[in-house]
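Just below is one structure, and these are the notes that go with it.
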2 protein chains.
Amino acid sequence: MGRPLQIDRQSVLEAGLLLADENGLAAVTMQSVADMLGVTPMALYRHVANKADLLDGLVELLLTDVPLPPATMEWRERLAWMARALRDTAQRHPAVFLLLLQRPATTAGALHVRDAVCAALREGGVAGPAVARTERVISTAILGFVASEAGGRFGSRSTREVNADFAAVEAMVEAYLDRLS
Amino acid sequence: MGRPLQIDRQSVLEAGLLLADENGLAAVTMQSVADMLGVTPMALYRHVANKADLLDGLVELLLTDVPLPPATMEWRERLAWMARALRDTAQRHPAVFLLLLQRPATTAGALHVRDAVCAALREGGVAGPAVARTERVISTAILGFVASEAGGRFGSRSTREVNADFAAVEAMVEAYLDRLS
DNA sequence: ACCTGAACACCGTTCAAGT
DNA sequence: ACCTGAACACCGTTCAAGT
């Protein structure tokens, strides 16, 4: 399959993400990524510092791609919309999503989602100083569920049941938000 | 350091856990575990099927060690006690704890904790058919927090602040339980 | 029964060399 | 500037051989 021999960081990350999605994180090696691009492993080092940097790049690529809801939407609906968007992303990229728990939530991609959650909470009347903590608490709950699903901790439970569990987690978050106001 | 040359599964797992605790999961190799036991890497294969089996064993060792509260304790206090116990375990073994999200919660070690949570919920008057789902929902929230902390997603936030976040997650769980009864 | 030696295919990474 | 070839130390795993 004739691919352009001119590669860049973006194409390296896209190849890595594809391999991770199809065959898991263990399938992402410097050699397999290079193969997919039609290049030798050593060529990658011009575009990523090392393998850890490549993996960081995959997480960032995934986070940047999480879509945000239209600003016209009511704030609580917007929160639910983002929870669903995060779950969709995790289902599409389960292997890379698990890496998310292992890096500080301070990259540009992480902030892009976090800021949108904080904005919705402020609009919902959550007191200024409580916004940051509330964001962390509800993000932790959603992330715990979504990461469990991506990692396979729910085992072979049916899709219908897992969806009902997700609804229950959202109900828990709602109960918490109700108590705040 | 003169160690007995007679090894068994238990000693292999204990060596692996020690290495993971001190230097992370990447430091757990067949060679490093063997070195610690004063043996060649090939000797391990008599006691673990392969490296994946070794890692499974580490998770199981960790889960089996999570202590349970005295049965005399009131049910809600018991739930809080177990959340703290899980957090303690994760702080002692952060690297191995992250693997927990990646395997089905159906092993003996996982059931040992799960059953205790379910028993507390039943005692608290949660309706029979709702017990299993409620257990999954609150476990997901606690696990999400504890895994985030173990993985380093909270970055360099101070211990005081992270403790306050943990209290807030527990408050969310309480709000959910209140709504159920 | 339990451990070892030798061997294999595969990792990540470097450095000097090519174009 | 960008990619390659050769090399290094290190993986997991096998198999036959030792005791």
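Labels below follow one simple rule: chain letters A, B, ... track the order of the sequence lines, proteins then strands, and each chain is numbered from 1.
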Tell me yes or no: between the side chains of A:Asp8 and A:Ser11, is some donor less than 3.5 Å from an acceptor? yes
Taken to the nearest 0.5 Å, the spacing of A:Glu170 CD from A:Arg87 CZ works out to 9.0 Å
Between [atom2] on [N] and [atom1] on [X], what's the gap in Å once rounded to a whole number?
{"X": "B:Leu37", "N": "C:dC2", "atom1": "CG", "atom2": "C1'", "value": "14 Å"}
{"X": "A:Asp53", "N": "C:dG12", "atom1": "CG", "atom2": "P", "value": "14 Å"}
{"X": "B:Met30", "N": "C:dC3", "atom1": "CE", "atom2": "P", "value": "13 Å"}
{"X": "B:Asn50", "N": "D:dC15", "atom1": "CG", "atom2": "P", "value": "14 Å"}
{"X": "A:Arg46", "N": "D:dC2", "atom1": "CZ", "atom2": "C1'", "value": "5 Å"}
{"X": "B:Lys51", "N": "C:dC11", "atom1": "NZ", "atom2": "C1'", "value": "12 Å"}
{"X": "B:Leu44", "N": "C:dT4", "atom1": "CG", "atom2": "C1'", "value": "12 Å"}
{"X": "B:Asp35", "N": "C:dT4", "atom1": "CG", "atom2": "P", "value": "11 Å"}

B:Arg9 with B:Asp53: basic N within carboxylate O range, under 4.0 Å: yes
Is it true that A:Arg133 and B:Asp165 make a salt bridge, defined as a side-chain N closer than 4.0 Å to a carboxylate O? yes
Between [X] and [N], is there a contact of a side-chain N or O with OP1 or OP2 at under 4.0 Å?
{"X": "B:Tyr45", "N": "D:dT13", "answer": "yes"}
{"X": "B:Gln6", "N": "C:dC2", "answer": "no"}
{"X": "A:Gln31", "N": "C:dG12", "answer": "yes"}
{"X": "A:His47", "N": "D:dC3", "answer": "yes"}

Report the nucleotide, chosen from D:dT4, D:dG12, C:dT4, that has the shortest atom-to-atom distance to any side-chain atom of B:Thr29. D:dG12
Where does DNA chain D pair, written as one dot-bracket string 5' to 3', with Watson-Crick or G-U pairs under 3.5 Å, ( ) inside the strand, [ ] for crossing pairs and | for another strand? ||.|||||...|||||.||
B:Tyr176-A:Tyr176 aromatic ring centre distance below 6.0 Å: no
Could you check whether A:Phe166 and A:Phe154 have their ring centres less than 6.0 Å apart? no
A:Ser148 (side chain) donor-acceptor with A:Arg153 (main chain) under 3.5 angstrom: no
Classify the nucleic acid contact of B:Met42 as base, sugar-phosphate or nothing, counting any heavy atom under 4.0 Å across all strands shown. base
